[in-house]
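One structure is given here, and the rest of the page talks about it.
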Amino acid sequence: MNTFAAIPVFVTVVEMGSFSKAAERLGSSKSAVSKRITQLEASLGIRLLHRTTRRLSLTQAGQTYYDSVSEALALANDARDALTQQQIQPKGHLRINAPMAFGRLHLATLIPQFLKAHPLISIEMIMDDKVLDMVEYQFDVAIRIGKLPDSNLIARKIASCHSVLCASPDYLKQHGVPDTPKALLQHNCLFYSYFQAGSEWKFKGKTGTTSIQPKGNYRVNNSKALYSALLAGLGICQMPLFIVNEALKTGQLIPLLTDYSLPEHAIYAVYSTRQHLPHKVSVFIDFIEKHLQDLT
């Protein structure tokens with residue numbers, strides 16, 4: 001007898017509480033279900049069910065067996081459903097939350113490609129540098145950069161995010177070039193208000209890590225605004241490479257303290273804990289991860 005084939009029958013009998021109800025759910029006959037359970041018990045060499053005219057109940061051994069096989073059956077069904085879902089064309093409305101600069105520079109160029117590949121999906125993207133509550137705003141997925149707070153959300157790393165300390169040639173010509181992290185205390189340091197790693201700037205050098213508290217006359221909650229201030233020669237700032245990379249290549253901005261390394265952050269796709277991630281969400285995350293690998 002195929003013991004594995006009898007497991008769904010056994011689990012259904014336990015869940016329904018009777019052979020007749022189990023037979024109805026399985027589209028079989030009561031006698032066929034009863035026979036399958038008898039064969040299973042014979043194969044295992046142990047009684048699994050107490051049978052009376054009024055009800056069925058599990059024996060102690062039956063309870064132990066049920067606890068194990070019901071969990072295994074659930075996992076098998078989950079795997080089957082996941083594979084089935086992958087074969088279905090993704091569709092539905094997708095609400096996305098992303099930081100303003102990252103959304104404008106990268107997601108805005110990727111989303112048209114994604115929608116052409118998945119015409120049954122519609123997208124609503126809310127760009128905001130403030131970390132918005134996913135449940136309250138009903139987001140399906142959010143893009144987060146940097147250190148993440150503890151939560152019951154699932155975070156999947158989709159790309160690395162390197163940072164660089166930089167300033168414009170005009171600023172450095174006027175104020176000089178800092179040669180150590182502590183020298184930054186004599187400079188006008190621009191700061192991103194929503195910086196997830198805290199208020200300090202940390203630099204790792206040959207002798208260890210140095211932390212400073214940057215001080216300056218401009219603090220703002222938008223990376224593009226800081227970028228404009230840097231180009232205008234207002235001060236020195238720690239910026240994601242994906243924002244300032246072109247300006248560094250053209251010489252509009254100059255990297256500083258290159259003998260030191262800054263903490264490496266990451267770009268995450270964040271979504272709510274669910275038994276099955278909706279197909280529209282999984283294909284979107286897979287798509288942007290593929291296209292962001294060479295981002296930084």
- So do the side chains of Pro99 and Ile145 get within less than 4.5 Å of each other, counting heavy atoms only? yes

- Distance col, row His118:NE2 vs Gln113:CD, nearest 0.5 angstrom, shows 11.0 Å

- Item | Check against side-chain contact (heavy atoms from CB on, under 4.5 Å), Leu256 and Leu172 | CA-CA 10 Å; Leu256 303 173; Leu172 297 174; 3.8 Å; yes

- Item | side-chain contact (heavy atoms from CB on, under 4.5 Å) assessment of Met239 paired with Ser163 | CA-CA 5 Å; Met239 293 288 286; Ser163 297; over 6 Å; no

- Please walk me through it: do Phe284 and Ile121 pass side-chain contact (heavy atoms from CB on, under 4.5 Å)? CA-CA 10 Å; Phe284 177 76; Ile121 292 179; over 6 Å; no

- Message: Ring centres under 6.0 Å, that's the criterion: do Tyr65 and Phe10 meet it?
- Response: yes

- Message: Could you check whether Asp128 and Asn97, counting side-chain N and O atoms only, form a donor-acceptor pair closer than 3.5 Å?
- Response: no

- Whether Asp140 side chain and Val281 backbone form a donor-acceptor pair below 3.5 Å: no

- Main-chain N/O of Lys30 paired to Ser20 side chain as donor or acceptor, under 3.5 Å: no

- Query: Looking only at atom types and distance, does a side-chain atom of Ser70 sit under 3.5 Å from a main-chain N or O of Val11, one as donor and one as acceptor?
  - Reply: no

- Please assess Phe19 against Leu56 for the test side-chain contact (heavy atoms from CB on, under 4.5 Å), listing each intermediate value before the final yes or no. CA-CA 9 Å; Phe19 290 133; Leu56 296 174; 4.0 Å; yes

- Between Pro90 and Leu120, is any pair of side-chain heavy atoms under 4.5 Å apart? no

- Donor-acceptor pair, side chain of Arg95 and main chain of Gln138, under 3.5 angstrom: yes

- Query: For the side chain of Ser43 and the backbone of Gln39, is there at least one donor-acceptor N/O pair under 3.5 Å apart?
  - Reply: no

- Could you verify whether a donor N or O on one side chain and an acceptor N or O on the other, from Asp170 and Gln174, lie under 3.5 Å apart? no

- Item | Heavy-atom donor-acceptor pair, Ser28 side chain to Glu24 backbone, under 3.5 Å | no

- Do Ser122 and His93 have a side chain donor and acceptor closer than 3.5 Å? yes

- Message: Under a 4.0 Å threshold between the charged nitrogen and the carboxylate oxygen, would Lys21 count as salt-bridged to Glu15?
- Response: no

- Message: Any heavy-atom pair between the side chains of Cys161 and Phe242 that's under 4.5 Å?
- Response: yes

- Item | Nearest heavy-atom neighbours spanning Gly235 and Ala167 | O-CB, 3.6 Å

- Answer yes if Val141 and Ile111 sit in the same cluster of Ile, Leu, Val, Met, Phe, Trp and Tyr residues linked by side chain heavy atoms under 4.5 Å apart, and no otherwise. yes

- Is there side-chain contact between Tyr218 and Phe191, with heavy atoms separated by less than 4.5 Å? no

- Rounded to the nearest 0.5 Å, how far apart are OG of Ser261 and NZ of Lys206? 12.0 Å

- Message: Can you give me the closest heavy-atom contact between Ser168 and Leu253, atom names plus distance?
- Response: N-CD2, 3.8 Å

- Least distance between heavy atoms, Pro169 atom then Ile254 atom: CG-CG1, 4.0 Å

- Is there a chain of hydrophobic side chains (I, L, V, M, F, W, Y, each step under 4.5 Å between heavy atoms) that links Met16 to Val9? no

- Task: Determine whether the side chains of Asn221 and Asp129 contain a donor N or O and an acceptor N or O closer than 3.5 Å.
- Result: no

- Non-hydrogen atoms of Ile123 and Phe114 that approach each other most closely: CD1-CD2, 3.7 Å

- Atom CG in Leu153, atom CZ in Arg144: separation rounded to 0.5 Å? 8.0 Å

- Query: Just wondering, do Ser223 and Met100 contact through their side chains at under 4.5 Å, heavy atoms?
  - Reply: no

- Item | Polar side-chain atom of Thr209 near backbone of Lys204 as donor-acceptor pair, under 3.5 Å | no

- Message: Looking at Glu200 and Ile212, would you say the former's side chain and the latter's main chain have a donor-acceptor pair under 3.5 Å?
- Response: no

- Task: Verify salt bridge (charged side-chain N to carboxylate O under 4.0 Å, His left out) between Lys157 and Glu289, making sure each step is shown before the conclusion.
- Result: CA-CA 8 Å; Lys157 181 180 176 180; Glu289 181 179 19; over 6 Å; no

- Item | Heavy atoms from other residues, nucleotides or ligands near CZ of Arg104 exceed 12 (cutoff 6.0 Å) | no

- Query: Does the side chain of Leu234 come within less than 4.5 Å of Tyr171's, by heavy atoms?
  - Reply: no

- Note on the structure: OH of Tyr66 to CG of Leu73, rounded to nearest 0.5 Å, is 9.0 Å

- Query: How many angstroms lie between atom CD1 of Ile96 and atom CD1 of Ile126, to the nearest 0.5 angstrom?
  - Reply: 8.5 Å

- Flag the pair Ile158 / Ile143 as yes when at least one side-chain heavy-atom distance between them is below 4.5 Å, and no otherwise. yes

- Report yes if the side chains of Leu185 and Lys215 come closer than 4.5 Å at any heavy-atom pair, otherwise no. no

- Could you go step by step and tell me if Lys202 and Glu264 meet the salt bridge (charged side-chain N to carboxylate O under 4.0 Å, His left out) rule? CA-CA 11 Å; Lys202 296 181 179 181; Glu264 182 178 318; over 6 Å; no

- Message: Would the distance check show the side chain of Ser228 and the main-chain N or O of Lys224 forming a donor-acceptor pair, the cut-off being under 3.5 Å?
- Response: yes

- After noting the C-alpha distance and the side-chain angles of Lys249 and Glu246, does the key distance pass the salt bridge (charged side-chain N to carboxylate O under 4.0 Å, His left out) rule? CA-CA 5 Å; Lys249 291 178 180 178; Glu246 289 303 315; 3.7 Å; yes

- Message: I need the Leu241 CG to His265 NE2 distance, nearest 0.5 Å.
- Response: 12.5 Å

